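Below: the structure, in structure tokens.
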There are 2 protein chains.
Amino acid sequence: MTTDHRPGRLNLNAFLMSTGHHEASWRLPESAPDAVSTNIAYLQRLAQIAESGKLDSIFFADGPGLQSDVGRRPAGSLDPLIVLTAIAGVTERIGLIATASTTYNSPYNLARRFASIDHVSGGRAGWNVVTTAGPDIARNFGLDEQPAHAARYERAAEFLEVAFKLWDSWEDDAILADKAAGVWADATKIHRPEHAGKHFSVHGALTTPRSPQARPLVVQAGSSDDGKDLAARYAEAVFTAHQTLGDAQAFYADLKARAAAVGRDPETVRILPGIVPVIGATEEEALAKERELDELIVPEYARAQLAKTLRLAPEDLPLDRELPADLPSEDEIEGAKSRYTLIVSLARREGLTVRQLIGRLGGGRGHRTFAGTPEQVADALQQWYDAEAADGFNIMPAVLPSGLEQFVDQVLPILRERGLFRTEYEGTTLREHYGLARPANLHTLAALGAHV
Amino acid sequence: MTTDHRPGRLNLNAFLMSTGHHEASWRLPESAPDAVSTNIAYLQRLAQIAESGKLDSIFFADGPGLQSDVGRRPAGSLDPLIVLTAIAGVTERIGLIATASTTYNSPYNLARRFASIDHVSGGRAGWNVVTTAGPDIARNFGLDEQPAHAARYERAAEFLEVAFKLWDSWEDDAILADKAAGVWADATKIHRPEHAGKHFSVHGALTTPRSPQARPLVVQAGSSDDGKDLAARYAEAVFTAHQTLGDAQAFYADLKARAAAVGRDPETVRILPGIVPVIGATEEEALAKERELDELIVPEYARAQLAKTLRLAPEDLPLDRELPADLPSEDEIEGAKSRYTLIVSLARREGLTVRQLIGRLGGGRGHRTFAGTPEQVADALQQWYDAEAADGFNIMPAVLPSGLEQFVDQVLPILRERGLFRTEYEGTTLREHYGLARPANLHTLAALGAHV
């Protein structure tokens, strides 16, 4: 494991989503009607733009269910592992991070798919581990309600333990291909997990020889207490959402401390807050672009979603009033806990009306929006980095592809001048981009130990 | 739906597997040690050879579990949908058929993945629907034993019904992308399956807009009674294994009759027996090649597998004796019923010793092996086609890539001369290669009906 990347290199991930992260981006003249998350040629082009900027990785959010407000913005998505496999074929170095649910997958199949994409991409796979909130999705999988928050996270931890065992099934030198002796593999170097736990029982070895990275980069994005504990134990990168430097610093210090408390080197957990940059040649131009976008929001859609998050009816949220005083506490929320708290805190702190809150959330669904010149955007990133609020950033362009192109062409050169970002890829795998070693195989380690 | 393809065009599928279907193929000098099913560049090359021959499709078998005899032959496999997505990127027309289990997947996730690969490949996806035999695999998914044969097939039928509903979630014109009005999709044209059945409860719409083919080509490969019923109801192509023309004719007539009995046009169910061609410039050369391969078999591996299939211990099967007289009937088998009966019948019919039986099975695991000149291979295919034993063939080269290259370069020109196979692709989708229409959307049909 590497250490001490401060001062050093930002980790930068491009979070890709149809026409961009601003919910009204699809209504701009520049947005093509087919700039959707089901158009593979379009997604391949976005990935190539990100790779031209030498970004660490690209990332797709995901949930196995269709949102109800399909009128609001480009809806619909393909399986992200299929998408990233198709992108692997037209890129060479950039990391490929897919979201996949531990609640609605089985460990054997999912571990196999991640190992497969790691093989196919030459070691560029990353897994954003999510527990998937929401009763609608639960009902796509035979459940009436989503499992409780704590139970989902307990299952996630065991899911990861099983996946780690499966990824270590094959020692790196298990394949002999000994034609003369007629022995293809050494059966003693292929190990069955024989896992029997509370949530899973998984007997046999993975079908997949150990992959280039051995394991995908493990990413985590839940910022609840349970989410932070899971991240501290397993995550190598953490996507998170903060509106203020103070909140981001507190989260950063908390998560690094939790990682240290479970015996990990805190430098091996990279923390990447989201930022929605809106870039203009002047500050005025950037702010005008942001205003143009906000004015294209249809507030009824956003209000309905906000009401759902707050467990209210839309009519309980008059557009020009502040949020009702009496809202549930985070403890009562079984869905996306930390997002709930972020939204309520933002509204209360700034005394926002529902309409204003919708505007603030329209850009990045709770992530920080920042409108300014390339220099100002670079300053904003560096400020959080220098202040130990971030090891890097999850870049969420308000408008795609133009916002990503502007970030690559205009902001990255400034970051490079300041020595904050790479000029060329130095490694070939995603783990290498993040400065992480390929994990040793537990069985190989055990065998070495036996010989000492 | 098209009809009357006799006399007309064979459907030809290339069944791809590491170094070839003969279990000893990897020991030949020509086989590269990395010619394995986890080497994507190698698999892409095989697919390109098949496409150069204008074959209908390529196909990978699959099971979510690692075989125990990893010494025997190249073991290990990637998720076939990931593999086929990577192949889609380097091919243009050839169909891409993946095996996936209805027993160890959830309908929502799997239907979504097939819709995704259909989008990514421009309408070239096919699904070989399997129920997955074997207790070892069951134990990778929290079960102590495999579900009973009949229960697996009952689940498979419901799984398909759910998948069909999911693939029809979006009507073809659901997306409006109306920027002026701020309405992206017409919510009234996106339908929830709201399925509540014995095995599955699936509420919501698929995340995936209707794909180019609307549905993948549905393929089925089980030849038990349950398997034939499932095929008759749902399959558009059937892979099957027969050693004799008589058996193949009987199967063909039976399955076409079952399809007619459930109201389907029997021509829309294409029956493709497997054949393992071993091609030589002369018959002697082909037979010598076959002998060379058979002599490279390590009989202990094959005997252990045969014993497992027959529910015996390996020592119950002396290599130079015939099978024991007292074996279970197919009714008692909960695994791969029809493969069991095929093996026992073959041994009994020809009075084979265990060693001889192993040799016969070593080429194609029960599929018909045929060694001869290109002309003889073409004759063998035409004979079965003319005799209503086949609508086409599942081509299983004993050795890859050479056996596939020989088939494409030497056998296909003869079939083309006889008017039995295409010279160029006529359509762009796999359904078109098989002469099948894109299915109408049930909801659109219902709406049309309502207006009449």
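Every value quoted in this text rests on a predicted model; they were computed, and no experiment measured them. Chain letters run A, B, ... following the sequence lines, proteins first, then strands; residues in each count from 1.
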Using non-hydrogen atoms only, which part of [X] is less than 4.5 Å away from chain A: side chain, backbone, both, or neither?
X: Leu84(B); result: neither
X: Ala174(B); result: neither
X: Asp62(B); result: side chain
X: Pro29(B); result: backbone
X: Ser121(B); result: neither
X: Ile297(B); result: neither
X: Ala41(B); result: neither
X: Ala86(B); result: both
X: Phe141(B); result: both
X: Thr208(B); result: both
X: Leu81(B); result: both
X: Val70(B); result: both

If I take atom CD1 from residue Ile175(B) and atom OG1 from residue Thr38(A), how far apart are they, to the nearest 0.5 angstrom?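 It comes to 6.0 Å.
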Nearest 0.5 Å, what's the CG-CG distance between Asp79(B) and Asn109(A)?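 The CG atom of Asn109(A) is 7.5 Å from CG of Asp79(B), to the nearest 0.5 Å.
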Do Trp184(B) and Val36(A) have side chains that get closer than 4.5 Å, going by heavy atoms?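 Contact flag for Trp184(B)/Val36(A) side chains = yes.
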Would you say Phe200(A) and Asn140(B) make side-chain contact, with heavy atoms under 4.5 Å?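 Phe200(A) does not reach Asn140(B) side chain to side chain.
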Go through the steps for Arg113(A) and Arg113(B) under the test side chain to side chain contact (heavy atoms under 4.5 Å, CB included), then give the verdict. CA-CA 12 Å; Arg113(A) 285 205 292 283; Arg113(B) 284 204 293 282; 3.3 Å; yes
Indicate the atoms forming the closest heavy-atom contact of Ser68(B) with Arg192(A), along with that distance.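 Closest approach of Ser68(B) to Arg192(A), heavy atoms only: CB-NH2, 4.5 Å.
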Among the listed options Ile40(B), Leu176(B), Ile82(B), the residue most often paired with chain A at heavy-atom distances under 4.5 Å: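 Option with the greatest count: Ile82(B).
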Contact origin within Ile137(A) toward chain B - heavy atom pairs under 4.5 Å: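 No part of Ile137(A) comes within 4.5 Å of chain B.
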